[in-house]
Amino acid sequence: YPEYPPVDEVKEEAMSAAAEQVHAFFFPWTESVRLFVHDDKDCELKQVAALIHGGDSAGAYQLAQTNLAQCKASHKNEKTLARALYDTGLAAMMSGNFDQARPLFTQAMQMKGADEAATALQVCNRAATGAAAVKEYEAKLAAIPAPSPISFAAQTAASQPSSSVAAPSPQTAQRGA
């Protein structure tokens, strides 16, 4: 017969499986949203778009911030500036910087040229709410104490019948004397 796996290993796997099931129960969905990325040559939006499409949202956010500052300094037209604000907000949101993304989308909404900024702001708000819920869930999960290890010695002692021998009472002991 093969040896039984170590108890702690089995418990670890069971707790991990239970955590995954609880996570799937409370967060069973994924939401796909399609947002546009502007790839204009002005304000180097094409480079930012390439990084976003390549999955480098942090790099896209850094580049977009630099490009936005240059775009503002060069006094580009309102449409181009709105698109630069939007793309910077999109990169911020995709990298998890929701608080930085919101004002960028709001500024883009106030200009002409980034009509999808309102939709992106709604998506940003939902994503921030979802991220906060996941963070709260993970904090609660981390606060659950780890189960204590099971000891075979404790189980063996508890499973064996106890044989008790009654000690003679003082009265019984005196009668015999």
Side-chain angles (χ1 to χ4, degrees), residues 1-38 47-69 85-109 116-169:
Y1 293 109
E3 288 188 34
Y4 289 110
V7 174
D8 290 339
E9 191 176 301
V10 172
K11 283 176 58 177
E12 179 77 26
E13 286 180 31
M15 289 299 288
S16 178
E20 287 179 24
Q21 290 174 355
V22 169
H23 184 80
F25 179 76
F26 286 110
F27 305 106
W29 68 92
T30 57
E31 181 179 353
S32 295
V33 178
R34 189 171 283 236
L35 296 171
F36 296 100
V37 180
H38 299 286
Q47 293 174 342
V48 173
L51 289 173
I52 288 174
H53 289 298
D56 184 7
S57 56
Y61 181 45
Q62 279 185 309
L63 181 61
Q65 286 178 306
T66 303
N67 293 348
L68 179 60
L85 286 162
Y86 170 83
D87 279 6
T88 304
L90 190 61
M93 178 179 67
M94 291 178 71
S95 61
N97 297 309
F98 305 112
D99 292 335
Q100 288 81 17
R102 287 184 186 110
L104 293 165
F105 290 137
T106 302
Q107 288 175 29
M109 286 174 16
E116 57 282 332
T119 302
L121 181 60
Q122 291 173 346
V123 169
C124 183
N125 288 333
R126 284 197 315 266
T129 301
V134 168
K135 190 174 183 179
E136 181 182 335
Y137 162 75
E138 288 174 344
K140 287 181 180 179
L141 186 62
I144 297 173
S148 59
I150 296 175
S151 161
F152 283 115
Q155 283 183 339
T156 308
S159 64
Q160 292 179 352
S162 62
S163 57
S164 60
V165 177
S169 68

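One is the number of the first residue; the rest follow in order along the sequence. Values below: all heavy atoms of this structure, side chains included; hydrogens, waters and symmetry mates excluded. These numbers were taken from a predicted model, which means no experiment stands behind them.
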**Student:** Compare every heavy atom of Val10 with every heavy atom of Pro5, then report the nearest pair and how far apart it is.
**Tutor:**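 Looking at all heavy atoms of both residues, the closest pair is CG-CG2, 3.5 Å.
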**Student:** Mark yes when over 12 heavy atoms from residues, nucleotides or ligands other than Gln62 sit less than 6.0 Å from its CD; otherwise mark no.
**Tutor:**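 Open: at most 12 neighbouring heavy atoms sit under 6.0 Å from CD of Gln62.
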**Student:** For atom CZ of Phe98, is the number of surrounding heavy atoms from other residues, nucleotides or ligands below 6.0 Å larger than 12?
**Tutor:**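 Yes, because the 6.0 Å sphere around CZ of Phe98 holds more than 12 heavy atoms from other groups.
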**Student:** Supply the atom-to-atom distance Leu104 CG to Leu68 CG, rounded to the nearest 0.5 angstrom.
**Tutor:**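 Reported to 0.5 Å precision, the distance equals 6.5 Å.
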**Student:** Please list all pairs passing the salt bridge (Lys or Arg N to Asp or Glu O under 4.0 Å) test where one or both residues lie in residues 137-146, with sequence neighbours left out.
**Tutor:**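 As it turns out, the salt bridge (Lys or Arg N to Asp or Glu O under 4.0 Å) pairs with a partner in residues 137-146, which skip direct neighbours, are Glu136-Lys140.
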**Student:** Tell me every residue that passes side-chain contact (heavy atoms from CB on, under 4.5 Å) with Leu141, counting only those two or more places apart in sequence or in another chain.
**Tutor:**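 Residues passing side-chain contact (heavy atoms from CB on, under 4.5 Å) with Leu141: Ala19, Tyr137, Ile144.
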**Student:** Looking at CD of Gln100 and SG of Cys124, how far apart are the two atoms once the value is rounded to the nearest 0.5 Å?
**Tutor:**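 Interatomic distance, Gln100 CD to Cys124 SG, rounded to 0.5 Å: 9.5 Å.
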**Student:** How close do Ala60 and Ile52 get, heavy atom to heavy atom, and via which atoms?
**Tutor:**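 Closest approach of Ala60 to Ile52: CB-CG1, 3.6 Å.
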**Student:** Rounded to the nearest 0.5 Å, what's the gap from CG on Leu90 to CZ on Phe105? Could you check?
**Tutor:**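 These two atoms lie 5.0 Å from each other.
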**Student:** Show every salt bridge (Lys or Arg N to Asp or Glu O under 4.0 Å) that has at least one partner inside residues 50-61, sequence neighbours left out.
**Tutor:**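 Non-adjacent pairs meeting salt bridge (Lys or Arg N to Asp or Glu O under 4.0 Å): zero.
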**Student:** For Ala118 and Met109, work out which heavy atoms get closest and say how close.
**Tutor:**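 Residues Ala118 and Met109, closest heavy atoms: CA-SD, 3.4 Å.
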**Student:** Could you grab the distance from atom CG of Leu121 to atom OG1 of Thr106, nearest 0.5 Å is fine?
**Tutor:**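 If I round to the nearest 0.5 Å, the distance is 5.0 Å.
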**Student:** Please enumerate all residues that pass side chain to side chain donor-acceptor pair (under 3.5 Å) together with Glu116, with sequence neighbours excluded.
**Tutor:**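 With sequence neighbours excluded, Glu116 shows a side chain to side chain donor-acceptor pair (under 3.5 Å) to His38, given in chain and number order.
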**Student:** Looking at OH of Tyr86 and OG1 of Thr119, how far apart are the two atoms once the value is rounded to the nearest 0.5 Å?
**Tutor:**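 So the gap between those two atoms works out to 8.0 Å.
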**Student:** For Ser95, give me all partners under side chain to side chain donor-acceptor pair (under 3.5 Å), at least two apart in sequence or on another chain.
**Tutor:**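 For Ser95, the residues satisfying side chain to side chain donor-acceptor pair (under 3.5 Å) (neighbours in sequence not counted) are Asn97.
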**Student:** Rounded at 0.5 Å granularity, tell me how far CE in Met94 sits from CG in Asp87.
**Tutor:**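 Going from the CE atom of Met94 to the CG atom of Asp87 covers 10.5 Å.
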**Student:** Going by the side chain to side chain donor-acceptor pair (under 3.5 Å) test, which pairs reach into residues 2-19, not counting sequence neighbours?
**Tutor:**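 The answer is none; no pair qualifies.
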